[in-house]
Amino acid sequence: MRFPLISVLLLYTGAALAQSSPYNYQVTKYMTPRRYAVVSAHPLASEAGAQVMKAGGNAVDAAIATQLALAVVYPEAGNLGGGGFMVARLRNGQSLAIDYREMAPQKAHRDMYLDGNGNAQTRLSLDGHLAAGVPGTVAGLFASHQYAKLPFAKLVAPAIKLAEKGFVITEREAAGLNRRKEDFIRLNTMPTAFVKDTPWKAGDTLVQKDLARTLRLIAQKGAAGFYEGETAEKVVAEMRRGGGIISAADLKGYRAKPRQPLQFKFRGYDILTMPLPSSGGVGIQQMLGMVESYPLEEWGFHSVQSVQVMIEAERRAYADRAKFLGDPDFTSPPLAAITQPSYLKTRMQTFTPGRATPSEAVQAGLVKESMQTTHLSVLDADGNAVSVTTTLNGGYGSKVVVGGAGFLLNNEMDDFSVKPGTPNMYGLIGAEANAIAPRKRMLSSMTPTIVLQHNRPVLIAGTPGGSTIITSVFQTILNALVFNLDAQTTVNAPKFHHQWLPDEVRIEQDFPDSTRAALEKMGYKFVKSGPWSRTEVIKIHPDGKIEAVGDKRGDDSAAGE
Ligand code: GLY
């Protein structure tokens, strides 16, 4: 038996990139590489991306290889059976936004999760076959590939090897698999690689032969190796066995969509981020716009004044999100209106320093989302920057592994409003703009973002965290660019989150007590939770120095040279 040596390097400064073994690897939390960097949720995935750049690939090659490796080594959220968004800024000045969000199957309908009395059966949109949307990730990887340099087969090779030969799992991964064991047994129609008789422990080797075969078919046949033929047939057979509704036509008809990236100004920077069907870009545009004129840097990081203004901006942006936002191919949200500086200024007119605005005084509704997703940030030696957030939605998605194909299906259908206009079991209100319809994309919060100064990337950032993604990216941008925190503190500082409803501020355990106490006196209710939002940041300084930071909250790790 092979035993791993998994250790954490807290500080690492740019030595040559060594290839580590899948049985003996290190977590690198911080590095200052000279040429290129990848940060992702798993050291082996970051390394797969970095090795591709070492072999002559660019940041898009690296992002593809990293995502494919994550689908193997980080099954909790890395995926073939989910979806995601890629935002990129190429050296030639071209900006990209590629949408590979899942789609509702053709047989989906508005009330599919309601019982005979019209009550939402929320477990159905969360667990099992009916929870899955049509996967978008593989189509997205091929849509991105036109901007890459290396053959796709080279990019998928590290993932195939990791699946075929296995890799040792970390303590966190062992705990995740053990936590879900009963779900995997209950929800699957065939044995899966994720279940074994004895509990998983750190150092065990996870081998995924079925997944290796699926990856090989993709390497040989391209996107058709997933959306048609053997793999598609396995998905359809899985649906038949488990009572799901994804059809062969749904799979064959899936297309990733190039979107017009969302770009806006903030204090002299250009923020480049994801448009709808993610609400994330619009969300940070609104929040940054609402706080822009306040003297945050003078007030200071985590000062009572700064946190209050930021909470009130978060509250108002989430209220708008719920009311207006949905798949732009199905609805026409008033985007220009709700991002106008004059509108954002008016929105803050109801803000009273020293007093909490009750959420009932701020109109609209909300969409619920879970916390599991994953992000990767990449910079190559030519200055190409890529920011990708990808997800199965909940941890391990629907928990359904496609029989014989070895990959997990998402539970992204839960990101729709299961019952629009009516509070759900958590008291949250869903919106008509995000009601279920066949072939519609569910609203997302994923916010892959690149900040530019003088047309060059200065910050590549993003995070998982469901509805907290938007506030985390908002705070990351302010931490780095307004509060001038160093790169590691930017990522690791405690976060706070307000999403309009419920009317409470969620804080991480180490949020400062004195700020909380002062805000409580103003009427804010705090709930300690977390940790959440494992943020992956690459910061590029004016003198060319590169800092790559993996969030302390997980096994997140940087690689580069
Ligand atoms: N499933 C999380 C999101 O897309 O926002």
Side-chain angles (χ1 to χ4, degrees), residues 41 67 70 74-87 97-104 113 122 125-127 131-137 140 256-257 259 262 273-284 287 314 317-318 321-322 325-328 366-376 387-399 408-418 424 426 428 430-431 433-434 436 440-449 461-474 497 499-500 506 532-536:
Q67 285 174 86
L70 281 171
Y74 191 60
E76 181 178 339
N79 66 83
L80 297 183
F85 300 124
M86 179 181 98
V87 169
I98 299 179
D99 163 8
Y100 40 106
R101 183 70 163 162
E102 299 92 326
M103 246 172 43
Y113 299 112
T122 45
S125 62
L126 286 168
D127 292 338
V134 183
T137 293
K257 293 194 176 183
R259 303 272 183 193
L262 177 55
T273 186
M274 193 67 207
L276 288 171
S278 180
S279 61
V282 180
I284 58 168
M287 291 176 203
E314 292 176 2
Y318 275 82
R321 173 195 196 276
L325 304 185
D327 182 346
L366 188 74
V367 192
K368 65 189 167 66
E369 278 161 297
S370 89
M371 303 289 285
Q372 297 304 330
T373 291
T374 191
H375 180 83
L376 51 127
S387 188
V388 171
T389 314
T390 178
T391 188
L392 288 167
N393 194 22
Y396 306 98
S398 62
K399 280 78 82 185
L408 281 153
L409 288 169
N410 65 82
N411 60 351
E412 218 72 61
M413 291 298 283
D414 197 61
D415 270 354
F416 279 117
S417 301
V418 168
N424 67 9
Y426 306 105
L428 301 176
N434 190 34
I436 302 170
K440 187 174 174 183
R441 280 151 148 91
M442 53 297 281
L443 188 62
S444 172
S445 294
M446 294 188 288
T447 316
T449 296
T463 183
S467 61
T468 66
I469 291 173
I470 314 174
T471 52
S472 294
V473 174
F474 167 58
H497 172 74
Q499 58 176 38
W500 182 66
R506 210 183 302 168
W532 71 79
S533 288
R534 294 162 52 171
T535 308
E536 320 294 6

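Indexing begins at 1, ligand by ligand and atom by atom, following the structure's order.
Side-chain polar atoms of T390 and N79 form a donor-acceptor pair below 3.5 angstrom. Counting only N and O atoms by type, the side chains of S387 and T449 include no donor and acceptor under 3.5 Å apart. Checking R321 against S445 by side-chain atom types alone, a donor-acceptor pair falls below 3.5 Å.
Of the N or O atoms in S444, one or more lie within a sub-3.5 Å distance of an N or O in ligand 1.
Taking a 4.0 Å cut-off on heavy atoms, M442 fails to register as neighbouring ligand 1.
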*Step by step, would you call D327 with K440 a salt bridge (Lys or Arg N to Asp or Glu O under 4.0 Å)?*
CA-CA 7 Å; D327 182 346; K440 187 174 174 183; over 6 Å; no
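Near N393, the atoms of ligand 1 lying under 4.0 angstrom from a non-hydrogen atom of the residue are 1 (N), 2 (C).
Put simply, the side chain of T463 never gets that close to the backbone of E536: no donor and acceptor are under 3.5 Å apart.
Contact annotation: for D415 versus ligand 1, heavy atoms closer than 4.0 Å belong to the side chain alone. At a heavy-atom distance under 4.0 Å, only side-chain atoms of R101, from C-beta outward, approach ligand 1.
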